[in-house]
Amino acid sequence: TTGTRSNMANALANAVCELCKAGFSPAERIVNSNGELYHEQCFVCAQCFQQFPDGLFYEFEDRKYCEHDFQMLFAPCCNQCGEFIIGRVIKAMNNSWHPNCFCCDICQAVLADVGFAKNAGRHLCRPCHNRERACSLGKYICQKCHAIIDEQPLVFKSDPYHPDHFSCSNCGKELTADARELKNELYCLPCHDKMGVPICGACRRPIEGRVVNAMGKQWHVEHFVCARCEKPFLGHRHYERKGQAYCETHYNQLFGDVCHHCNHVIEGEVVSALNKAWCIGCFACSTCSTKLTLKDKFVELDLKPVCKQCYERMPEELRRRLAKREHDSKDRKKKMGICL
(Lines give C-alpha, C1' and ligand atoms only; values in the text may rest on other atoms or scores of the structure.)
Protein backbone atom coordinates (compact mmCIF):
# COMPACT_ATOMS: atom_id res chain seq x y z
CA THR A 1 0.00 0.00 0.00
CA THR A 2 2.85 2.30 0.88
CA GLY A 3 4.46 1.46 -2.48
CA THR A 4 1.22 2.25 -4.37
CA ARG A 5 0.93 5.65 -2.71
CA SER A 6 4.59 6.32 -3.53
CA ASN A 7 4.00 5.42 -7.21
CA MET A 8 0.88 7.67 -7.43
CA ALA A 9 2.79 10.56 -5.83
CA ASN A 10 5.63 10.10 -8.29
CA ALA A 11 3.15 9.98 -11.23
CA LEU A 12 1.40 13.10 -9.99
CA ALA A 13 4.71 14.88 -9.52
CA ASN A 14 5.52 14.18 -13.17
CA ALA A 15 1.98 15.03 -14.52
CA VAL A 16 1.17 18.36 -16.22
CA CYS A 17 -2.11 20.16 -17.01
CA GLU A 18 -3.36 19.50 -20.56
CA LEU A 19 -4.14 23.21 -21.03
CA CYS A 20 -1.33 25.19 -19.37
CA LYS A 21 1.29 22.39 -19.26
CA ALA A 22 2.17 23.32 -15.63
CA GLY A 23 2.47 20.76 -12.86
CA PHE A 24 0.16 20.14 -9.93
CA SER A 25 0.74 20.85 -6.23
CA PRO A 26 0.09 17.93 -3.82
CA ALA A 27 -2.96 19.58 -2.15
CA GLU A 28 -4.49 20.90 -5.36
CA ARG A 29 -7.88 19.67 -6.77
CA ILE A 30 -7.35 18.06 -10.14
CA VAL A 31 -9.96 17.47 -12.88
CA ASN A 32 -9.67 14.14 -14.73
CA SER A 33 -11.52 14.14 -18.07
CA ASN A 34 -11.16 10.84 -19.89
CA GLY A 35 -7.61 10.42 -18.56
CA GLU A 36 -6.60 14.00 -19.25
CA LEU A 37 -5.67 16.08 -16.18
CA TYR A 38 -6.49 19.75 -15.70
CA HIS A 39 -6.10 22.39 -13.03
CA GLU A 40 -9.62 23.19 -11.85
CA GLN A 41 -9.27 26.75 -13.19
CA CYS A 42 -8.01 25.40 -16.56
CA PHE A 43 -10.98 23.05 -17.18
CA VAL A 44 -13.16 25.75 -18.83
CA CYS A 45 -14.93 26.51 -22.14
CA ALA A 46 -12.49 27.41 -24.90
CA GLN A 47 -14.81 30.25 -25.97
CA CYS A 48 -16.14 31.92 -22.81
CA PHE A 49 -13.51 30.59 -20.32
CA GLN A 50 -16.26 29.72 -17.83
CA GLN A 51 -16.48 26.42 -16.01
CA PHE A 52 -18.84 23.90 -17.54
CA PRO A 53 -22.33 23.86 -15.93
CA ASP A 54 -22.84 20.43 -14.34
CA GLY A 55 -19.58 19.33 -15.97
CA LEU A 56 -21.32 19.06 -19.39
CA PHE A 57 -19.16 20.01 -22.37
CA TYR A 58 -18.92 19.43 -26.13
CA GLU A 59 -15.64 18.71 -27.87
CA PHE A 60 -14.69 19.86 -31.37
CA GLU A 61 -11.18 19.65 -32.91
CA ASP A 62 -9.62 18.87 -29.50
CA ARG A 63 -11.19 21.90 -27.84
CA LYS A 64 -13.96 21.81 -25.26
CA TYR A 65 -16.98 24.11 -25.26
CA CYS A 66 -19.98 24.70 -23.03
CA GLU A 67 -23.33 23.81 -24.60
CA HIS A 68 -24.27 27.41 -25.39
CA ASP A 69 -21.04 28.31 -27.15
CA PHE A 70 -20.87 25.00 -29.00
CA GLN A 71 -24.36 25.60 -30.43
CA MET A 72 -23.55 29.20 -31.31
CA LEU A 73 -20.31 28.25 -33.05
CA PHE A 74 -21.00 24.90 -34.66
CA ALA A 75 -24.58 23.56 -34.25
CA PRO A 76 -26.89 24.22 -37.24
CA CYS A 77 -30.34 25.74 -36.74
CA CYS A 78 -33.44 23.72 -37.72
CA ASN A 79 -35.29 25.40 -40.59
CA GLN A 80 -38.63 24.25 -39.14
CA CYS A 81 -38.51 24.93 -35.36
CA GLY A 82 -35.55 27.34 -35.24
CA GLU A 83 -33.81 25.39 -32.47
CA PHE A 84 -30.16 24.25 -32.56
CA ILE A 85 -29.64 20.71 -33.78
CA ILE A 86 -27.55 18.48 -31.53
CA GLY A 87 -27.04 15.00 -32.92
CA ARG A 88 -28.38 13.79 -36.25
CA VAL A 89 -28.88 16.52 -38.85
CA ILE A 90 -30.99 16.23 -42.01
CA LYS A 91 -29.53 18.28 -44.87
CA ALA A 92 -32.15 18.99 -47.53
CA MET A 93 -33.56 21.83 -49.64
CA ASN A 94 -30.42 23.90 -48.82
CA ASN A 95 -31.32 23.83 -45.11
CA SER A 96 -30.76 21.80 -41.93
CA TRP A 97 -33.52 20.02 -40.02
CA HIS A 98 -34.13 17.91 -36.93
CA PRO A 99 -35.11 14.44 -38.20
CA ASN A 100 -38.62 14.79 -36.74
CA CYS A 101 -39.03 18.33 -38.12
CA PHE A 102 -38.38 17.38 -41.74
CA CYS A 103 -41.97 16.50 -42.76
CA CYS A 104 -44.13 16.40 -45.88
CA ASP A 105 -45.59 19.86 -46.52
CA ILE A 106 -49.01 18.33 -47.20
CA CYS A 107 -49.61 15.32 -44.92
CA GLN A 108 -46.88 16.02 -42.30
CA ALA A 109 -45.39 12.50 -42.59
CA VAL A 110 -41.77 12.39 -41.31
CA LEU A 111 -39.44 12.16 -44.32
CA ALA A 112 -36.05 11.53 -42.66
CA ASP A 113 -35.98 7.79 -43.40
CA VAL A 114 -38.35 7.43 -46.39
CA GLY A 115 -37.03 9.98 -48.86
CA PHE A 116 -38.83 12.91 -50.45
CA ALA A 117 -39.55 14.64 -53.75
CA LYS A 118 -39.28 18.32 -54.61
CA ASN A 119 -42.56 19.74 -55.87
CA ALA A 120 -43.00 23.46 -56.60
CA GLY A 121 -40.52 24.39 -53.87
CA ARG A 122 -42.10 21.98 -51.38
CA HIS A 123 -40.71 18.77 -49.88
CA LEU A 124 -43.35 16.05 -50.23
CA CYS A 125 -43.59 12.35 -49.47
CA ARG A 126 -43.86 10.14 -52.56
CA PRO A 127 -47.66 9.54 -52.30
CA CYS A 128 -48.41 13.28 -51.97
CA HIS A 129 -45.99 14.14 -54.77
CA ASN A 130 -47.68 11.60 -57.06
CA ARG A 131 -51.13 12.93 -56.18
CA GLU A 132 -50.09 16.51 -56.92
CA ARG A 133 -48.47 15.51 -60.20
CA ALA A 134 -51.45 13.38 -61.22
CA CYS A 135 -53.81 16.26 -60.45
CA SER A 136 -51.83 18.60 -62.71
CA LEU A 137 -51.89 15.96 -65.48
CA GLY A 138 -55.57 15.16 -64.99
CA LYS A 139 -54.84 11.52 -64.09
CA TYR A 140 -55.67 9.12 -61.24
CA ILE A 141 -53.40 7.86 -58.45
CA CYS A 142 -53.38 4.14 -57.65
CA GLN A 143 -54.51 3.64 -54.06
CA LYS A 144 -52.31 0.55 -53.72
CA CYS A 145 -48.88 1.60 -55.05
CA HIS A 146 -49.55 5.39 -55.00
CA ALA A 147 -48.14 5.80 -58.53
CA ILE A 148 -49.83 7.64 -61.39
CA ILE A 149 -52.24 5.56 -63.51
CA ASP A 150 -51.46 6.33 -67.15
CA GLU A 151 -54.07 3.94 -68.57
CA GLN A 152 -57.76 3.51 -67.72
CA PRO A 153 -58.06 2.84 -63.96
CA LEU A 154 -59.88 -0.05 -62.34
CA VAL A 155 -62.39 1.41 -59.85
CA PHE A 156 -62.89 -0.76 -56.78
CA LYS A 157 -64.95 0.41 -53.78
CA SER A 158 -64.96 3.90 -55.36
CA ASP A 159 -61.13 4.11 -55.44
CA PRO A 160 -58.88 3.95 -58.56
CA TYR A 161 -56.18 1.28 -58.98
CA HIS A 162 -53.83 -0.12 -61.59
CA PRO A 163 -55.85 -3.07 -62.97
CA ASP A 164 -52.89 -5.48 -62.78
CA HIS A 165 -52.90 -5.33 -58.98
CA PHE A 166 -55.98 -7.61 -59.01
CA SER A 167 -57.03 -10.99 -60.38
CA CYS A 168 -60.49 -12.36 -61.19
CA SER A 169 -62.07 -13.97 -58.12
CA ASN A 170 -63.46 -16.72 -60.35
CA CYS A 171 -60.82 -17.67 -62.94
CA GLY A 172 -57.72 -15.97 -61.49
CA LYS A 173 -57.00 -14.03 -64.68
CA GLU A 174 -55.24 -10.66 -64.32
CA LEU A 175 -57.88 -7.94 -64.52
CA THR A 176 -58.30 -4.96 -66.83
CA ALA A 177 -60.23 -1.71 -66.39
CA ASP A 178 -63.35 -3.58 -67.61
CA ALA A 179 -63.46 -5.66 -64.39
CA ARG A 180 -66.76 -5.75 -62.49
CA GLU A 181 -67.31 -5.57 -58.75
CA LEU A 182 -69.92 -7.82 -57.14
CA LYS A 183 -70.38 -8.26 -53.38
CA ASN A 184 -66.92 -6.81 -52.66
CA GLU A 185 -65.23 -9.18 -55.14
CA LEU A 186 -63.76 -8.40 -58.57
CA TYR A 187 -64.42 -10.46 -61.71
CA CYS A 188 -63.23 -10.29 -65.30
CA LEU A 189 -65.94 -9.29 -67.77
CA PRO A 190 -66.58 -12.83 -69.20
CA CYS A 191 -66.97 -14.37 -65.72
CA HIS A 192 -69.22 -11.54 -64.59
CA ASP A 193 -71.43 -11.79 -67.69
CA LYS A 194 -71.99 -15.49 -66.98
CA MET A 195 -73.52 -14.53 -63.63
CA GLY A 196 -76.29 -12.60 -65.37
CA VAL A 197 -76.01 -9.54 -63.12
CA PRO A 198 -77.45 -6.35 -64.73
CA ILE A 199 -75.05 -3.45 -65.33
CA CYS A 200 -76.13 0.16 -64.73
CA GLY A 201 -76.27 2.20 -67.95
CA ALA A 202 -74.84 5.24 -66.09
CA CYS A 203 -72.03 4.04 -63.80
CA ARG A 204 -71.34 0.68 -65.50
CA ARG A 205 -71.41 -1.00 -62.09
CA PRO A 206 -73.44 -4.12 -61.19
CA ILE A 207 -76.98 -3.57 -59.91
CA GLU A 208 -77.53 -5.72 -56.84
CA GLY A 209 -80.82 -4.20 -55.64
CA ARG A 210 -83.80 -2.62 -57.38
CA VAL A 211 -83.43 -2.23 -61.17
CA VAL A 212 -84.96 0.43 -63.44
CA ASN A 213 -85.57 -0.81 -67.00
CA ALA A 214 -85.77 2.13 -69.39
CA MET A 215 -84.51 3.23 -72.80
CA GLY A 216 -83.29 -0.28 -73.58
CA LYS A 217 -80.95 -0.33 -70.59
CA GLN A 218 -80.95 -1.10 -66.88
CA TRP A 219 -80.15 1.46 -64.18
CA HIS A 220 -79.60 1.93 -60.47
CA VAL A 221 -82.67 3.79 -59.21
CA GLU A 222 -80.55 6.76 -58.12
CA HIS A 223 -78.67 6.88 -61.46
CA PHE A 224 -81.69 7.12 -63.77
CA VAL A 225 -81.95 10.91 -63.81
CA CYS A 226 -83.10 13.85 -65.91
CA ALA A 227 -80.33 14.82 -68.35
CA ARG A 228 -80.92 18.52 -67.52
CA CYS A 229 -81.55 18.80 -63.75
CA GLU A 230 -80.00 15.40 -62.81
CA LYS A 231 -82.80 14.59 -60.38
CA PRO A 232 -83.74 10.88 -60.17
CA PHE A 233 -87.13 10.03 -61.64
CA LEU A 234 -87.88 7.62 -58.76
CA GLY A 235 -90.74 6.02 -60.68
CA HIS A 236 -92.15 9.29 -62.09
CA ARG A 237 -92.75 9.66 -65.79
CA HIS A 238 -89.79 10.47 -68.03
CA TYR A 239 -89.56 11.73 -71.62
CA GLU A 240 -87.01 10.50 -74.15
CA ARG A 241 -85.11 12.45 -76.78
CA LYS A 242 -82.06 11.21 -78.75
CA GLY A 243 -81.04 8.67 -76.14
CA GLN A 244 -81.52 11.07 -73.20
CA ALA A 245 -84.22 11.07 -70.54
CA TYR A 246 -85.86 14.26 -69.26
CA CYS A 247 -88.42 15.20 -66.64
CA GLU A 248 -91.64 16.72 -68.05
CA THR A 249 -90.68 20.28 -67.07
CA HIS A 250 -87.33 20.32 -68.82
CA TYR A 251 -88.53 18.29 -71.77
CA ASN A 252 -91.21 20.88 -72.49
CA GLN A 253 -88.74 23.73 -71.96
CA LEU A 254 -86.25 22.20 -74.38
CA PHE A 255 -88.36 20.48 -77.02
CA GLY A 256 -92.02 21.61 -76.85
CA ASP A 257 -95.28 19.65 -76.47
CA VAL A 258 -95.21 15.98 -75.48
CA CYS A 259 -98.09 13.67 -76.30
CA HIS A 260 -99.87 12.64 -73.12
CA HIS A 261 -100.50 9.19 -74.58
CA CYS A 262 -97.34 8.05 -76.45
CA ASN A 263 -94.82 10.16 -74.53
CA HIS A 264 -93.20 11.48 -77.74
CA VAL A 265 -92.75 15.03 -78.99
CA ILE A 266 -95.64 16.10 -81.14
CA GLU A 267 -94.02 17.03 -84.43
CA GLY A 268 -97.19 17.74 -86.40
CA GLU A 269 -100.59 19.19 -85.43
CA VAL A 270 -101.33 19.25 -81.70
CA VAL A 271 -104.69 18.28 -80.22
CA SER A 272 -105.24 20.31 -77.05
CA ALA A 273 -107.85 18.68 -74.86
CA LEU A 274 -108.42 18.07 -71.16
CA ASN A 275 -105.50 20.44 -70.43
CA LYS A 276 -103.13 18.03 -72.19
CA ALA A 277 -101.43 17.79 -75.57
CA TRP A 278 -102.03 14.83 -77.89
CA CYS A 279 -100.86 13.57 -81.26
CA ILE A 280 -103.74 13.45 -83.75
CA GLY A 281 -103.37 9.66 -83.96
CA CYS A 282 -103.23 9.23 -80.18
CA PHE A 283 -106.34 11.22 -79.31
CA ALA A 284 -108.82 8.35 -78.96
CA CYS A 285 -111.46 6.95 -76.64
CA SER A 286 -109.71 5.43 -73.63
CA THR A 287 -112.32 2.65 -73.54
CA CYS A 288 -112.80 1.47 -77.14
CA SER A 289 -109.77 3.22 -78.79
CA THR A 290 -111.95 4.86 -81.45
CA LYS A 291 -110.12 7.87 -82.93
CA LEU A 292 -111.57 11.22 -81.88
CA THR A 293 -111.39 14.83 -83.04
CA LEU A 294 -112.32 17.99 -81.20
CA LYS A 295 -115.60 17.98 -83.20
CA ASP A 296 -116.63 14.61 -81.73
CA LYS A 297 -118.60 14.46 -78.53
CA PHE A 298 -116.62 13.01 -75.62
CA VAL A 299 -116.47 13.29 -71.87
CA GLU A 300 -113.53 13.32 -69.45
CA LEU A 301 -112.95 10.33 -67.21
CA ASP A 302 -109.77 10.22 -65.10
CA LEU A 303 -108.17 12.88 -67.37
CA LYS A 304 -108.84 10.69 -70.42
CA PRO A 305 -111.41 11.08 -73.21
CA VAL A 306 -114.36 8.69 -73.49
CA CYS A 307 -116.52 8.67 -76.67
CA LYS A 308 -120.29 9.27 -76.59
CA GLN A 309 -121.12 5.60 -77.29
CA CYS A 310 -118.99 4.26 -74.45
CA TYR A 311 -120.28 6.98 -72.16
CA GLU A 312 -123.91 5.97 -72.83
CA ARG A 313 -123.10 2.35 -71.96
CA MET A 314 -121.84 3.37 -68.52
CA PRO A 315 -124.02 2.91 -65.40
CA GLU A 316 -126.59 5.67 -64.94
CA GLU A 317 -125.24 6.64 -61.52
CA LEU A 318 -121.73 7.16 -62.92
CA ARG A 319 -123.11 9.28 -65.80
CA ARG A 320 -125.09 11.38 -63.33
CA ARG A 321 -121.95 12.08 -61.25
CA LEU A 322 -119.95 12.97 -64.37
CA ALA A 323 -122.66 15.32 -65.58
CA LYS A 324 -122.83 17.03 -62.18
CA ARG A 325 -119.06 17.46 -62.11
CA GLU A 326 -119.15 18.97 -65.62
CA HIS A 327 -121.97 21.34 -64.61
CA ASP A 328 -120.13 22.43 -61.45
CA SER A 329 -116.99 23.03 -63.47
CA LYS A 330 -118.83 25.32 -65.90
CA ASP A 331 -120.40 27.26 -63.01
CA ARG A 332 -116.97 27.88 -61.48
CA LYS A 333 -115.67 29.21 -64.80
CA LYS A 334 -118.70 31.56 -65.14
CA LYS A 335 -118.18 32.94 -61.64
CA MET A 336 -114.50 33.53 -62.35
CA GLY A 337 -115.52 35.41 -65.51
CA ILE A 338 -117.90 37.66 -63.52
CA CYS A 339 -115.19 38.48 -60.98
CA LEU A 340 -112.84 39.50 -63.73
Side-chain angles (χ1 to χ4, degrees), residues 198-203 207-340:
I199 298 297
C200 177
C203 70
I207 306 173
E208 298 181 32
R210 183 180 166 196
V211 180
V212 175
N213 291 286
M215 300 170 57
K217 296 181 180 179
Q218 295 172 304
W219 316 78
H220 288 107
V221 174
E222 64 274 16
H223 290 167
F224 186 52
V225 300
C226 171
R228 187 62 180 264
C229 65
E230 297 186 350
K231 291 182 179 179
F233 294 109
L234 302 177
H236 294 290
R237 195 169 190 176
H238 71 277
Y239 301 85
E240 300 176 16
R241 172 87 171 193
K242 295 182 179 180
Q244 300 276 16
Y246 299 87
C247 63
E248 183 173 8
T249 299
H250 288 109
Y251 195 97
N252 287 333
Q253 286 179 0
L254 293 169
F255 309 114
D257 292 318
V258 178
C259 177
H260 180 68
H261 178 74
C262 70
N263 198 30
H264 290 110
V265 177
I266 304 173
E267 297 182 356
E269 186 177 346
V270 179
V271 177
S272 296
L274 309 179
N275 295 320
K276 299 289 181 183
W278 314 73
C279 299
I280 291 179
C282 292
F283 187 57
C285 173
S286 60
T287 301
C288 68
S289 299
T290 299
K291 302 298 181 190
L292 298 173
T293 69
L294 294 179
K295 295 180 181 179
D296 296 318
K297 290 186 177 182
F298 62 89
V299 295
E300 176 189 339
L301 181 62
D302 294 331
L303 299 179
K304 297 175 183 178
V306 175
C307 68
K308 180 180 178 183
Q309 288 76 14
C310 290
Y311 172 73
E312 289 176 347
R313 287 196 291 268
M314 291 180 180
E316 185 177 350
E317 178 61 28
L318 176 58
R319 283 184 286 145
R320 193 162 40 245
R321 286 203 305 271
L322 292 174
K324 184 177 186 303
R325 185 174 67 181
E326 180 69 17
H327 182 268
D328 292 343
S329 176
K330 289 180 180 179
D331 281 349
R332 280 196 299 272
K333 291 179 182 178
K334 287 180 180 178
K335 289 177 182 178
M336 288 175 65
I338 294 171
C339 290
L340 292 172

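Fair warning: this is a prediction, and the values are worked out from it, not measured in the lab. Any value given below was found using the heavy atoms of this structure, including those in side chains, with hydrogens, waters and symmetry copies removed.
Ring planes of Phe233 and His238: tilted class, angle from 30 to 60°.
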task: Please assess Lys217 against Phe224 for the test side-chain contact (heavy atoms from CB on, under 4.5 Å), listing each intermediate value before the final yes or no.
output: CA-CA 10 Å; Lys217 296 181 180 179; Phe224 186 52; over 6 Å; no
- request: Start with the C-alpha gap between Leu292 and Cys307, add the side-chain angles, then the distance that decides, and say whether side-chain contact (heavy atoms from CB on, under 4.5 Å) holds.
  value: CA-CA 8 Å; Leu292 298 173; Cys307 68; 4.0 Å; yes
task: For side-chain contact (heavy atoms from CB on, under 4.5 Å), just list the numbers for Asn213 and Gln218, CA-CA rounded to whole Å, side-chain angles, deciding distance to a tenth of an Å, and then say yes or no.
output: CA-CA 5 Å; Asn213 291 286; Gln218 295 172 304; 3.0 Å; yes
- request: Start with the C-alpha distance between Gln309 and Thr290, add both sets of side-chain angles, then the distance that settles side-chain contact (heavy atoms from CB on, under 4.5 Å), and finish with yes or no.
  value: CA-CA 10 Å; Gln309 288 76 14; Thr290 299; over 6 Å; no
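Annotation for Arg237 and His261: closest pair NH2-O, 3.9 Å, computed over non-hydrogen atoms. Pairing each heavy atom of Tyr246 with each of Cys226, the nearest pair is CA-SG, 3.9 Å. A pairwise comparison of heavy atoms in Cys288 and Cys285 identifies N-SG, 3.4 Å as the closest pair. Listed here is the closest heavy atom pair of Val221 and Arg210: CG2-CD, 3.5 Å. Taking every heavy atom of both residues into account, Val270 and Ala277 meet most closely at CG1-CB, 3.8 Å. Of all heavy-atom pairs spanning Ile199 and Ile207, the tightest one is C-CD1, 3.9 Å.
One distance of note links NE2 of His260 with SG of Cys262; it measures 11.0 Å at 0.5 Å rounding. Atom CG of residue Leu318 and atom OH of residue Tyr311 lie 7.5 Å apart, to the nearest 0.5 angstrom. Thr287 contributes atom OG1, which lies 9.5 Å from atom NZ of Lys304 (distance to the nearest 0.5 angstrom).
Here His223 pairs with His220 under the ring-ring contact (aromatic ring centres under 6.0 Å, His included) rule; sequence neighbours left out. For Glu312, there are no side chain to side chain donor-acceptor pair (under 3.5 Å) partners two or more places apart in sequence or in a different chain.
Enclosure of atom NE2 in His250 by more than 12 non-hydrogen atoms of other residues, nucleotides or ligands within 6.0 angstrom is indicated. Counting heavy-atom neighbours within 6.0 Å of Glu317 CD, excluding the residue itself, gives a total above 12.
Put simply, the side chain of Lys291 gets close to the backbone of Gly281: a donor and an acceptor are under 3.5 Å apart. In terms of modelled atom types and a separation under 3.5 Å, the side chain of Ser286 and the main chain of Val306 share no donor-acceptor contact.
Sorted by first and then second residue, the pairs that involve residues 286-306 and meet ring pair (Phe, Tyr, Trp, His ring centres under 6.0 Å), not counting sequence neighbours, are Phe283-Phe298.
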